[in-house]
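One structure is given below, encoded as structure tokens.
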2 protein chains.
Amino acid sequence: MNIGEIAKRAGVSRSTVSYALSGKRSVSEETRRKIQRVIDELGYRPNASARALANGRTSTIGLVFPPAGNHYTGMQLDFIGSVVEAAAAFDYDVLLSPSGVDSDRSFQRLLGERRVDGAILMEIRLEDDRAAHLAELDFPAVAIGRTAHPERGWWVGLDHTALTAACVHHLADLGHRRIAFVNRPEQLLRTGYESAHRGLDGFTKAAAERGLTVRTYCCGDDAASGQACLARILHDDPATTALVTLNEAALGGLYRGLAQAGRHVPRDFSVTGVVAGRWAETVTPQLTAADVPAEELGRLAVDLLVERLDHPDAPPRHHLLTPPISLRASTGPCTAS
Amino acid sequence: MNIGEIAKRAGVSRSTVSYALSGKRSVSEETRRKIQRVIDELGYRPNASARALANGRTSTIGLVFPPAGNHYTGMQLDFIGSVVEAAAAFDYDVLLSPSGVDSDRSFQRLLGERRVDGAILMEIRLEDDRAAHLAELDFPAVAIGRTAHPERGWWVGLDHTALTAACVHHLADLGHRRIAFVNRPEQLLRTGYESAHRGLDGFTKAAAERGLTVRTYCCGDDAASGQACLARILHDDPATTALVTLNEAALGGLYRGLAQAGRHVPRDFSVTGVVAGRWAETVTPQLTAADVPAEELGRLAVDLLVERLDHPDAPPRHHLLTPPISLRASTGPCTAS
DNA sequence: TTGAAAGCGATACCAA
DNA sequence: TTGGTATCGCTTTCAA
């Protein structure tokens with residue numbers, strides 16, 4: 001059933017039905033009611049493909065995120081959920097594209113075949129070929145995270161530099177002098193993953209500023225890796241009394257490693273980092289951390305994208321968030337001699 | 001740039017370009033190369049909306065999952081990821097629809113506007129209006145989970161009845177006599193959420209069979225609720241020595257409650273349940289559990305849906321999985337007097 | 001082996 | 001306030 005059918009049954013032209021639906025032209029109250037009755041009767045809904053073809057808009061946004069070579073993190077889940085819901089509020093649907101790089105088939109489809117009106121890019125890298133490609137095409141996109149050239153683009157992100165620095169200062173204030181940094185997997189760092197880089201940066205600089213002794217580690221995105229990593233930390237420097245981590249998925253493993261080594265948190269060892277709130281609360285003791293506001297990030301990203309779609313030549317906008325550290329139960333004064 | 005442009009530059013007709021692309025009609029090697037050269041030069045890709053309009057297929061499947069009234073679980077994350085990747089392997093894109101019930105706008109759009117060729121339904125209820133509606137329309141869909149009338153449909157699911165029963169038998173074999181069941185939130189149970197019902201069922205029957213003393217609880221999908229629930233369990237019956245849970249998100253809280261009550265796992269108290277493997281490994285001690293094979297479920301669901309799309313009147317198929325219990329470290333012999 | 005042209009189902013311009 | 005019709009970009013039938 002199509003718009004012609006409706007028109008016929010309502011005894012009007014197809015254009016009138018179209019206008020009655022879109023409201024882009026006034027339609028007499030009487031014909032509008034006539035049309036609406038037929039529509040309700042038949043349960044008619046305009047075909048999305050036809051509409052997209054005719055007016056060039058798909059009412060769909062693409063959410064581009066890398067395939068789980070290893071694992072997705074809980075934060076990503078929260079983020080995806082909030083994007084989908086925020087988009088739904090604007091009557092946009094969300095098309096998922098598991099693409100880590102420009103050349104992924106799915107990414108090519110998204111853009112080349114014009115499947116979406118705009119895109120949100122997750123897991124941004126400092127030099128991101130997806131973002132570069134999009135910018136070159138002037139394709140409406142919002143990145144989650146900042147590339148190395150943030151001024152030119154639309155994005156929402158976390159100030160990882162400030163966040164890890166805040167963690168360091170928190171620990172230093174508690175008297176810790178020898179601390180470790182547990183980063184995301186090495187492969188992500190190597191490929192220029194933004195949060196891994198900026199997080200490491202903030203950690204390193206703040207530690208230098210406070211004159212701390214540090215060691216930094218990369219760690220796989222799973223509990224087993226976390227456990228192994230913790231073992232290495234204590235092996236490399238048994239006098240370590242605290243750590244900062246960006247690696248949410250490894251957190252449970254880090255805790256386990258600590259327990260295994262007989263270090264009590266927070267009495268003998270403090271743990272902190274950058275983790276989504278609800279995941280920080282699943283470990284015991286609950287993690288003192290900068291809570292990643294995944295929902296807010298998702299919402300803001302959608303807001304920005306919708307704005308950009310509505311105003312094609314609005315100047316670039318962005319949001320840099322720096323959530324405060326939530327004091328929970330995993331850090332305490334350094335008790336080492 | 002469109003197919004006409006390509007045709008003009010290659011000096012052929014639009015239909016020839018179309019056929020060269022689809023291979024549905026033979027094209028001389030020479031013209032094919034000529035066309036391909038132009039396509040490569042211009043980076044042409046056929047417009048998805050136009051193609052969908054013309055041939056009635058969107059090459060998109062819908063993934064319908066309820067909005068996170070409270071929270072998404074890790075298992076859902078793994079599942080979404082595997083669906084997206086499995087679909088990508090068939091060159092299908094995935095459209096997310098945050099719909100819990102038939103009447104959700106996004107669900108209506110999906111179907112009514114023909115945005116997708118088929119759908120995968122998550123979080124199925126025993127009486128599921130979404131599934132019913134889809135079946136009535138004979139719309140290609142695959143459910144994750146069984147409704148009360150599983151024989152009529154296409155689905156992949158877990159045998160929650162058998163799974164929780166296996167957990168009970170495991171505990172009974174270890175000598176536990178007083179055990180608790182920690183279910184998903186009451187609201188989900190009330191609305192007929194399949195796994196909550198069948199899981200409860202399997203638990204109850206197996207416990208009766210073994211002559212155990214049981215109590216069953218509903219619990220919110222978060223750590224705080226888990227902790228509170230555990231407190232209630234021990235308050236209601238301090239002699240409880242084990243629990244079975246379906247509630248992954250509450251797991252960390254259950255553990256914390258146990259620690260707080262001074263019960264050591266697994267010496268004083270055994271914990272088991274149905275949880276995705278990688279989440280079972282984040283807690284300490286690692287959870288002995290029936291590992292939800294989320295990736296496999298996602299892959300199978302896509303396989304089934306693609307099969308159904310390719311063979312519109314193939315008879316219904318389904319997969320009922322019963323993963324074994326993975327012995328880890330959270331259960332042990334009952335040491336109660 | 002190829003081309004011409006009729007759809008697919010909307011939108012929106014031009015007339016009336 | 002309405003109708004007629006060209007148009008969006010592709011697929012596919014019918015002819016040559």
Side-chain angles (χ1 to χ4, degrees), chain A residues 1-39 42-60 91 93 108-117, chain B residues 1-39 42-60 91 93 108-117:
Chain A
M1 169 207 350
N2 55 35
I3 200 173
E5 183 73 9
I6 304 297
K8 201 190 314 171
R9 303 211 188 195
V12 298
S13 75
R14 301 183 334 184
S15 48
T16 301
V17 176
S18 176
Y19 286 119
L21 245 28
S22 69
K24 293 189 182 175
R25 182 164 94 175
S26 53
V27 172
S28 79
E29 192 46 36
E30 191 189 336
T31 46
R32 136 164 293 118
R33 259 208 303 278
K34 218 164 39 184
I35 291 171
Q36 193 57 50
R37 252 194 349 119
V38 178
I39 286 180
L42 274 64
Y44 164 78
R45 306 214 43 159
N47 178 298
S49 303
R51 169 177 279 179
L53 178 58
N55 69 11
R57 311 201 49 199
T58 61
S59 296
T60 302
D91 281 342
D93 282 319
Q108 294 287 338
R109 261 207 308 270
L110 221 63
L111 300 190
E113 303 183 358
R114 316 228 80 89
R115 278 174 183 269
V116 300
D117 296 336
Chain B
M1 169 205 352
N2 56 35
I3 201 173
E5 183 73 10
I6 303 296
K8 201 191 314 171
R9 301 211 189 196
V12 299
S13 74
R14 300 182 336 183
S15 48
T16 301
V17 175
S18 176
Y19 284 119
L21 245 28
S22 70
K24 292 190 181 173
R25 181 165 96 174
S26 52
V27 172
S28 80
E29 192 48 36
E30 192 190 333
T31 46
R32 139 164 290 119
R33 259 208 303 277
K34 217 164 41 183
I35 292 171
Q36 192 57 51
R37 249 190 354 116
V38 178
I39 286 180
L42 275 64
Y44 166 78
R45 306 213 46 157
N47 177 299
S49 304
R51 168 178 280 178
L53 178 57
N55 69 12
R57 312 199 47 196
T58 61
S59 297
T60 303
D91 281 343
D93 282 318
Q108 295 287 339
R109 262 206 310 269
L110 221 64
L111 301 189
E113 303 184 358
R114 315 228 81 86
R115 277 174 184 268
V116 300
D117 296 334

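In this text the structure is predicted, and so the values were computed from the model without any measurement. In what follows, chains are A, B, ... by sequence order, proteins preceding strands, each numbered from 1.
Residues B:Ile39 and B:Leu21 are in side-chain contact: their nearest non-hydrogen atoms beyond the backbone lie under 4.5 Å apart.
Take B:Glu29 and apply the salt bridge (Lys or Arg N to Asp or Glu O under 4.0 Å) test, not counting sequence neighbours, and it matches B:Arg33. In terms of the salt bridge (Lys or Arg N to Asp or Glu O under 4.0 Å) criterion, residue partners of B:Arg115 (sequence neighbours excluded) are, by chain and number, A:Asp93, B:Glu113. When the side-chain hydrogen bond (donor to acceptor under 3.5 Å, both in side chains) test is applied to A:Thr31, the partners found at least two apart in sequence or on another chain are A:Ser28. With sequence neighbours excluded, the residues satisfying side-chain hydrogen bond (donor to acceptor under 3.5 Å, both in side chains) with A:Arg57 are A:Tyr92. For the side-chain hydrogen bond (donor to acceptor under 3.5 Å, both in side chains) test, no residue two or more places apart in sequence or in another chain qualifies with A:Gln108. Applying the side chain to side chain contact (heavy atoms under 4.5 Å, CB included) rule to A:Leu53 yields the partners B:Ser49, B:Ala50, B:Leu53; only residues at least two apart in sequence or on another chain are considered.
Sorted by first and then second residue, the side-chain hydrogen bond (donor to acceptor under 3.5 Å, both in side chains) pairs involving residues 4-13 of chain B (not counting sequence neighbours) are B:Glu5-B:Arg9, B:Ser13-B:Ser15, B:Ser13-B:Thr16.
In this structure, B:Arg14 and A:Ile3 both approach DNA chain C, and ranking their closest nucleotides by distance from the 5' end singles out B:Arg14.
Once you apply a 4.0 Å limit to the heavy atoms of chain A, the touched nucleotides of DNA chain C run 5' to 3' over C:dG9 to C:dC14. Nucleotides of DNA chain D that come within less than 4.0 Å of any heavy atom of chain B span, from the 5' end to the 3' end, D:dG9 to D:dC14.
Shown for residues 16-26 of chain B: residues whose heavy atoms fall under 4.0 angstrom of DNA chain D, namely B:Ser18, B:Tyr19, B:Lys24, B:Arg25. Of the residues in residues 42-49 of chain A, none has a non-hydrogen atom less than 4.0 angstrom from any atom of DNA chain D.
A:Thr58 approaches A:Asp117 most closely through the heavy-atom pair N-OD1, 2.7 Å. When every heavy atom of A:Val17 is checked against every heavy atom of A:Ala7, the shortest pair comes out as CG2-CA, 3.7 Å. In terms of heavy-atom proximity, B:Arg51 sits nearest to B:Pro46 at NH2-CG, 3.2 Å. A pairwise comparison of heavy atoms in A:Tyr44 and A:Ile6 identifies CB-CD1, 3.5 Å as the closest pair.
Atoms CG and CG, on B:Asn2 and B:Leu42 in that order, are 10.5 Å from each other to the nearest 0.5 Å. Distance OH/A:Tyr19 to CZ/A:Arg25: 5.0 Å, rounded to 0.5 Å. Remark: B:Arg114 CZ to A:Arg45 CZ distance equals 11.5 Å, nearest 0.5 Å.
Between its two ends, the helix from C:dT1-D:dA16 to C:dA16-D:dT1 turns its axis by 40°, counting five pairs per end and rounding to 10 degrees.
Note on B:Ser28: only backbone sugar-phosphate atoms sit closer than 4.0 angstrom, heavy atoms only; bases stay farther off.
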